Number of protein chains: 2
Amino acid sequence: MTEQDNGRAKRGQRRGARGPTVADVARLAQVSPMTVSRVVNNDPKVHDTTRAKVEKAIAELGYVPNLAARSLAGGRQCRIGLLHSNPSAAYLSEFLVGSTEQANAMGAQLLVEHFEEEASRDALAAKLLSHRVDAVLLPPPLSDDVLLLECINRAGMAMAQVATGAPSPLAHAVTIDDEAAAYALTTRLVGLGHKRIGFIGGAPNQTASALRRNGYRRALDVAGIDADRRLETTGDFTFRSGMDCALALLALEERPSAIFASNDDMAAATIAAAHRMGLDVPRQLSVCGFDDTASATNVWPELTTARQPVADMAREAVRLLVDSVFDAKARTPRHVRVDFSLVLRESDASMRAS
Amino acid sequence: MTEQDNGRAKRGQRRGARGPTVADVARLAQVSPMTVSRVVNNDPKVHDTTRAKVEKAIAELGYVPNLAARSLAGGRQCRIGLLHSNPSAAYLSEFLVGSTEQANAMGAQLLVEHFEEEASRDALAAKLLSHRVDAVLLPPPLSDDVLLLECINRAGMAMAQVATGAPSPLAHAVTIDDEAAAYALTTRLVGLGHKRIGFIGGAPNQTASALRRNGYRRALDVAGIDADRRLETTGDFTFRSGMDCALALLALEERPSAIFASNDDMAAATIAAAHRMGLDVPRQLSVCGFDDTASATNVWPELTTARQPVADMAREAVRLLVDSVFDAKARTPRHVRVDFSLVLRESDASMRAS
DNA sequence: CTGAAAGCGCTTACAG
DNA sequence: CTGAAAGCGCTTACAG
């Protein structure tokens, strides 16, 4: 040992231990770093004996791969831009939880960006590109913005539309069967004896709105109830619009005995409107919502509604995007449909002696 | 050129262009990569002329630093664990938006983890550690979980408590002045002529609850109104608890003419309770909330409330954490207090001929 | 099925 | 104020 080797750090040398690396694991398992990498990445070609040795060493050292090194070496980095403009905080919250979770699990980076209707779509695409975004996640209502889809597609980024009623050939899509869910809920109201069932539609620029309306109409049709167009109103998914529609419906000469609102916020508003007019829910008016967000249980009585698994849908969409970024074969747009369910609470009841 | 240099890729060579690198910028600007790095990282020692040249080259090439390479080389990686158990989706949504935004801006990775009261704190700390989490972000009510704070502290991770009433010496804290906000709101009600003002407190295990109660009491005291303990109730920040408390208050012999609820969900429930009893809000009952989350505008009438800038508070907390991970000097716990504001809407009114 | 070499894009630690 | 060298921890592209 010369004096120079000693005492002070060598040139170019770095400080600080930062946990075990592939090299440490390789040494302990008596294999090459390459083999450790294979085990970590589930390469099926590794021999079982070797794999066991490596896994033992990994457990012993508490090895966790360094994501930064992995994405640098792999040349693969996946940045997903999550664009939101959704006025419903309850929806967005669930969506964010699901998507961040999945993005972390898959080693992707999530950039959350607010997008205003009035903003320029081209400027947005340019911004995403400058942030090196590979793929874009679109919750409603942006999942239905055709101009935006085209713009992002031109910029060469992959896309996933969540909860759209009109999956684009340019994008992945994750949806529930909105028509069937609305049909099921309306049929339930019919089953409870309701014949005059009011409808509050969602924003016309969201394609799912039309599907829900179709489901409502079909249920009435199947039940042999004559459609009365005066019972159909159109809101925009906000509480305020729900209030307006509900007041209009309740002011009708022949007042409906039940109202199906196309989301929970508007259903909550319907209950508020009923109370405002001195009507008891559900005794004098049954109300159903849609989505089963937090709003469904932040009213009294709590809402009977169709549950849309928002967090799961966000996870699935992230999975589709990450796969298409990392694997060219997964680039073909896929449409995944997940199950909805009916959640029965206290806002609806059967038509007895009214 | 030999035949071998040509035609096929050299050994060890990687594929695909992935955007300009420091080397590209350096070449164009005719400086070393090192200088480019300095400019990008705002090193003040770079000469202005040099800096200008480099910045021009950066703009020309549209250079964006590769975060993976940066954190690998820098040896600095910052992973922040966001632990949540908040039942309020409206609050969580804002919190998530703010924290993800800031984490991205600072090149930190955010891991979002749900934590149940019943779960083991030690197991949680172990899990965070195994995910290489450097710092933990705690929104309420976890920001008040002293056992959790101790546990995370023992594991050596930095922490930030958001919206706590009791900043720990072990953690950073970002708060508003809850006492002052509650005082301001109650004083407003007094100014409107109310003398019997009901109070719905938040969960007793959240320290901010006591502060809000103190503010309420002090306002009455300053106004010279005798405190009547029957007007004080305790909820747990959920809609349901707000409903129970409001019904109890409205069943009082001498009914209050105003109710101040410690968050918006409970205030919304108070309005529902009033309607349920046939009382007009605000004509027969004034109601105030706290937080100004989405719930404040998802009721009719919309709530007068104290605005807590949740997203900004989350951003500030992330900033404190990232700084303490990267800079030993920033490790000393800091307490940042941000401003609240009063948002006046339609749920309160002056006491006229009742 | 396994390994040796080179490289991903940046920054640290020096030395001028 | 600026630069040459080495290294961060992993994976790609080969070659056995």
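Bear in mind the structure is a predicted one, so any value in this text is a computation, not a measurement. Atoms considered below: every heavy atom in the structure, side chains included; atoms not considered: hydrogens, waters and symmetry mates. Throughout, a chain's letter reflects where its sequence line sits, starting with A, and its residues are numbered from 1.
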Visitor: Any side-chain heavy atom of B:Leu96 within less than 4.5 Å of one from B:Ser93?
Guide: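 No. Closest side-chain heavy atoms not under 4.5 Å.
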Visitor: Do the non-hydrogen side-chain atoms of A:Val310 and A:Tyr91 ever get within less than 4.5 Å of each other?
Guide: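 In contact.
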Visitor: Taking only N and O in the side chain of A:Thr21, is any of them less than 4.0 Å away from OP1 or OP2 of D:dG9?
Guide: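 Answer no for this pair, as no side-chain N or O of A:Thr21 is under 4.0 Å from OP1 or OP2.
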Visitor: Would you please confirm or rule out a distance under 4.0 Å between OP1 or OP2 of D:dT11 and any side-chain N or O of A:Asn41?
Guide: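 Yes, such a contact exists.
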Visitor: Within this structure, what is the NZ-to-P distance between A:Lys45 and C:dG3, rounded to whole angstrom?
Guide: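 Interatomic distance, NZ of A:Lys45 to P of C:dG3: 15 Å.
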Visitor: Could you tell me how far apart A:Asn66 (CG) and C:dG9 (C1') are, to the nearest whole angstrom?
Guide: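 For the pair A:Asn66 CG and C:dG9 C1', the rounded distance is 14 Å.
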Visitor: Counting only side-chain nitrogens and oxygens, does A:Thr35 get under 4.0 Å of the OP1 or OP2 atom of C:dG3?
Guide: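 The answer is yes; a side-chain N or O of A:Thr35 sits under 4.0 Å from OP1 or OP2.
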Visitor: Take the protein atom CZ of B:Arg38 and the nucleotide atom C1' of D:dG3, then report the distance between them rounded to whole Å.
Guide: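 Going from CZ in B:Arg38 over to C1' in D:dG3 covers 7 Å.
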Visitor: Can you tell me which nucleotide in D:dG9, C:dT2, D:dC1 comes closest to the side chain of A:Ala69?
Guide: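 The answer is D:dG9.
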Visitor: Would you indicate whether the side-chain heavy atoms of A:Leu124 and A:Cys151 approach each other to under 4.5 Å?
Guide: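 SC-SC contact between A:Cys151 and A:Leu124 ruled out.
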Visitor: Would you kindly give the CE-to-P distance between A:Met34 and C:dA4, to the nearest whole Å?
Guide: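 Going from CE in A:Met34 over to P in C:dA4 covers 12 Å.
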Visitor: Do A:Asp145 and A:Arg121 come close enough that some side-chain heavy atom pair is under 4.5 Å?
Guide: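 SC-SC contact between A:Asp145 and A:Arg121 confirmed.
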Visitor: Go through C:dC10, D:dA4, C:dC8 for me and flag the one nearest to the B:Arg70 side chain.
Guide: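 Ranking C:dC10, D:dA4, C:dC8 by closest atom to the B:Arg70 side chain puts C:dC10 first.
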Visitor: For Watson-Crick and G-U wobble pairs within 3.5 Å on both distances, what is DNA chain D written in dot-bracket notation, | included for inter-strand pairing?
Guide: |||.||||||||.|||
Visitor: Round to a whole Å and report the spacing from CD1 of A:Ile58 to C1' of D:dC10.
Guide: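 So the two atoms are 13 Å apart, to the nearest Å.
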Visitor: Would you say the side chain of A:Leu82 lies within less than 4.5 Å of the side chain of A:Pro139, judging by non-hydrogen atoms?
Guide: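 When only atoms from C-beta onward are counted, A:Leu82 and A:Pro139 do touch, with a gap below 4.5 Å.
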Visitor: Picking from C:dT2, C:dG9, C:dT12, which would you name as closest to the side chain of B:Leu72?
Guide: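 Between C:dT2, C:dG9, C:dT12, the one nearest the side chain of B:Leu72 would be C:dG9.
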Visitor: Just compare D:dG9, D:dA4, C:dG3 and give me whichever is closest to any side-chain atom of B:Ser32.
Guide: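 Per side-chain heavy atoms of B:Ser32, the pick is D:dA4.
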Visitor: Under 4.0 Å between a side-chain N/O of B:Ser37 and OP1 or OP2 of C:dT11, yes or no?
Guide: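 Yes.
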Visitor: Round to a whole Å and report the spacing from CG of A:Asp43 to C1' of D:dT11.
Guide: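 Those two atoms, CG and C1', are 12 Å apart.
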Visitor: Please report the distance, rounded to the nearest Å, between NE2 in B:His47 and C1' in D:dT2.
Guide: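 Nearest whole value for this atom pair: 12 Å.
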Visitor: Got B:Pro65 and B:Tyr63 here, is their nearest side-chain heavy-atom distance under 4.5 Å?
Guide: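 With C-beta onward as the side chain, the pair touches.
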Visitor: Output, in order, the C-alpha distance, side-chain angles, deciding distance and verdict of side-chain contact (heavy atoms from CB on, under 4.5 Å) for A:Leu28 and A:Leu61.
Guide: CA-CA 9 Å; A:Leu28 183 62; A:Leu61 294 172; 3.9 Å; yes
Visitor: Can you tell me which nucleotide in C:dT2, C:dC10, C:dG3 comes closest to the side chain of B:Val22?
Guide: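 Shortest atom-to-atom distance from the side chain points to C:dC10.
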Visitor: Where each residue is assigned the nucleotide of DNA chain D containing its nearest heavy atom, which of B:Pro44 and A:Tyr63 is assigned the position nearer the 5′ end?
Guide: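 On the 5' side of the pair lies B:Pro44.
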Visitor: Between C1' on C:dT2 and CG on A:Asp48, what's the gap in Å once rounded to a whole number?
Guide: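 Distance check: A:Asp48 CG to C:dT2 C1' gives 15 Å.
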Visitor: Nearest to the side chain of B:Ala73, which nucleotide is it out of D:dC10, C:dT2, D:dG7?
Guide: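 Nearest listed nucleotide: D:dG7.
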Visitor: Base, sugar-phosphate or nothing for B:Val31? Non-hydrogen atoms, less than 4.0 Å.
Guide: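 Sugar-phosphate contact only.
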Visitor: Answer yes or no: is there a side-chain heavy-atom contact under 4.5 Å between A:Pro169 and A:Pro333?
Guide: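 Counting from C-beta outward, A:Pro169 and A:Pro333 never come under 4.5 Å.
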